Protein chains: 2
Amino acid sequence: MVEHSPAFLDAVFHALADSTRRSMLHRLAQGEQSVSELAEPFAMSLAGASKHVKVLEKAGLVRRRIAGRMHYCRLEAARLAEAQAWLRYYERFWTRRLDTLEALLEAEDQAASEGENPKG
Amino acid sequence: MVEHSPAFLDAVFHALADSTRRSMLHRLAQGEQSVSELAEPFAMSLAGASKHVKVLEKAGLVRRRIAGRMHYCRLEAARLAEAQAWLRYYERFWTRRLDTLEALLEAEDQAASEGENPKG
DNA sequence: GGAATGCTCAACCATATGGTTTACAATAGA
DNA sequence: TCTATTGTAAACCATATGGTTGAGCATTCC
């Protein structure tokens with residue numbers, strides 16, 4: 001839980017450490033896009049954009065489906081979930097104040113549900 | 001909300017894209033550590049480790065307190081929270097009900113690529 | 001004062017990264 | 001069949017990165 005396969009997280013975080021690639025992911029959130037569609041917003045050669053797509057693909061953030069000469073890309077969100085899981089470990093450092101509140105609320109929930117819903 | 005100051009996220013994700021630095025953050029989660037304490041677990045010169053600390057510091061993930069010749073570092077979790085905020089945008093892609101929807105999308109993919117590539 | 005400690009800085013090196021251009025392969029369309 | 005489109009691959013370039021060593025600055029300790 002603590003380590004999360006280092007090489008894997010290296011690739012994911014590295015892929016995210018570039019605004020061009022983050023923009024591409026953002027567009028992919030709207031749905032499948034071809035490589036040239038992904039490249040279109042950027043002042044960059046198609047070959048350059050294609051390299052970015054490859055970085056995303058190698059990090060497992062994008063899946064490619066080849067149909068004829070078109071390469072359609074789609075978001076592979078599971079890998080983002082794993083990055084978030086890594087970050088989640090640190091959540092307690094910025095939600096500390098909420099923790100006490102939450103503990104309190106949970107204690108209340110517990111007390112309230114003890115009579116009604118024993119399973120929780 | 002969508003863009004999150006690109007250069008800032010560049011620095012944060014880049015800082016996280018290295019297992020040495022992630023380990024350092026993990027140790028800092030236990031509490032304040034000096035630079036040489038942070039360096040100790042790694043087969044690396046102190047100067048090398050010091051560079052990693054600087055990367056973390058520049059990304060705003062670590063705050064340094066100088067006391068005499070000692071440099072004490074502590075976790076600055078707020079910046080991690082911002083990285084997580086960026087990731088949260090994509091949460092819907094892994095937390096939605098996958099079963100029926102995903103099956104549907106994959107069936108569409110299948111049908112689509114069969115139609116586009118009749119030659120096989 | 002003198003020596004050891006903690007740390008940074010500067011110079012250097014090998015490799016990675018982000019971009020380009022050119023060439024090419026495959027597919028689609030006239 | 002000829003041509004345009006989509007995309008990758010290769011070669012190249014400038015800069016960034018991750019590491020080293022050695023020098024040096026404060027600080028602490030004897």
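Just so we're on the same page: letters track the sequence lines, and every chain starts at 1. Note that the structure is a prediction, hence the values are computed from the model and not measured.
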Anything under 3.5 Å between a protein N or O and an N or O of nucleotides 16-21 of chain C, put it in a table, one pair a line.
unit_1 : atom_1 : unit_2  : atom_2 : d
C:dG18 : OP1    : A:Arg21 : NH2    : 3.1
C:dG18 : OP2    : A:Arg21 : NH1    : 3.2
C:dG19 : OP2    : A:His52 : NE2    : 2.1
C:dG19 : N7     : A:Lys51 : NZ     : 3.0
C:dG19 : O6     : A:Lys51 : NZ     : 2.3
C:dT20 : OP1    : A:Ser45 : N      : 3.4
C:dT20 : OP2    : A:Ser45 : N      : 3.1
C:dT20 : OP2    : A:Ser45 : OG     : 2.8

Write out a two-atom table: protein N or O, nucleotide N or O from nucleotides 26-29 of chain D, distance below 3.5 Å.
unit_1 : atom_1 : unit_2  : atom_2 : d
D:dT27 : O2     : B:Arg69 : NH1    : 2.9

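Atom OH in A:Tyr72 sits roughly 10 Å away from atom P in D:dT6 (whole-Å rounding). For the pair A:Glu57 CD and D:dG7 P, the interatomic distance rounds to 13 Å; values are reported in whole Å. Taking atom CZ of residue A:Arg65 and atom P of nucleotide D:dG7, one finds them 12 Å apart after rounding to whole Å. Residue A:Leu38 contributes atom CG, which lies 9 Å from atom P of D:dG7 at whole-angstrom precision. Nucleotide C:dT5 holds its C1' atom 16 Å from the CD1 atom of B:Ile66, rounded to whole Å.
Put simply, the side chain of A:Arg21 gets close to the backbone of A:His14: a donor and an acceptor are under 3.5 Å apart.
Summarising the geometry, atom CG belonging to B:Leu56 is positioned 5.0 Å from atom CG belonging to B:Leu25; distances are rounded to the nearest 0.5 Å.
In this model, the phosphate group of D:dA9 is approached by a side-chain N or O of A:Lys54 to a distance below 4.0 Å at OP1 or OP2.
Residues forming a salt bridge (Lys or Arg N to Asp or Glu O under 4.0 Å) with B:Glu37 (at least two apart in sequence, or on another chain): none. When the side chain to side chain contact (heavy atoms under 4.5 Å, CB included) test is applied to B:Met44, the partners found at least two apart in sequence or on another chain are B:Thr20, B:Phe42, B:Ala49, B:His52. Residues satisfying the side chain to side chain contact (heavy atoms under 4.5 Å, CB included) test with A:Lys58, not counting sequence neighbours, are A:Lys54. By the side chain to side chain contact (heavy atoms under 4.5 Å, CB included) test, A:Arg69 pairs with no residue at all, sequence neighbours left out.
For the pair A:Ala77 and B:Phe93, the tightest heavy-atom approach, listed with the atom from each and the gap, is CB-CB, 3.4 Å.
Counting heavy atoms from C-beta outward, B:Gln84 and A:Arg88 have side chains that approach closer than 4.5 Å.
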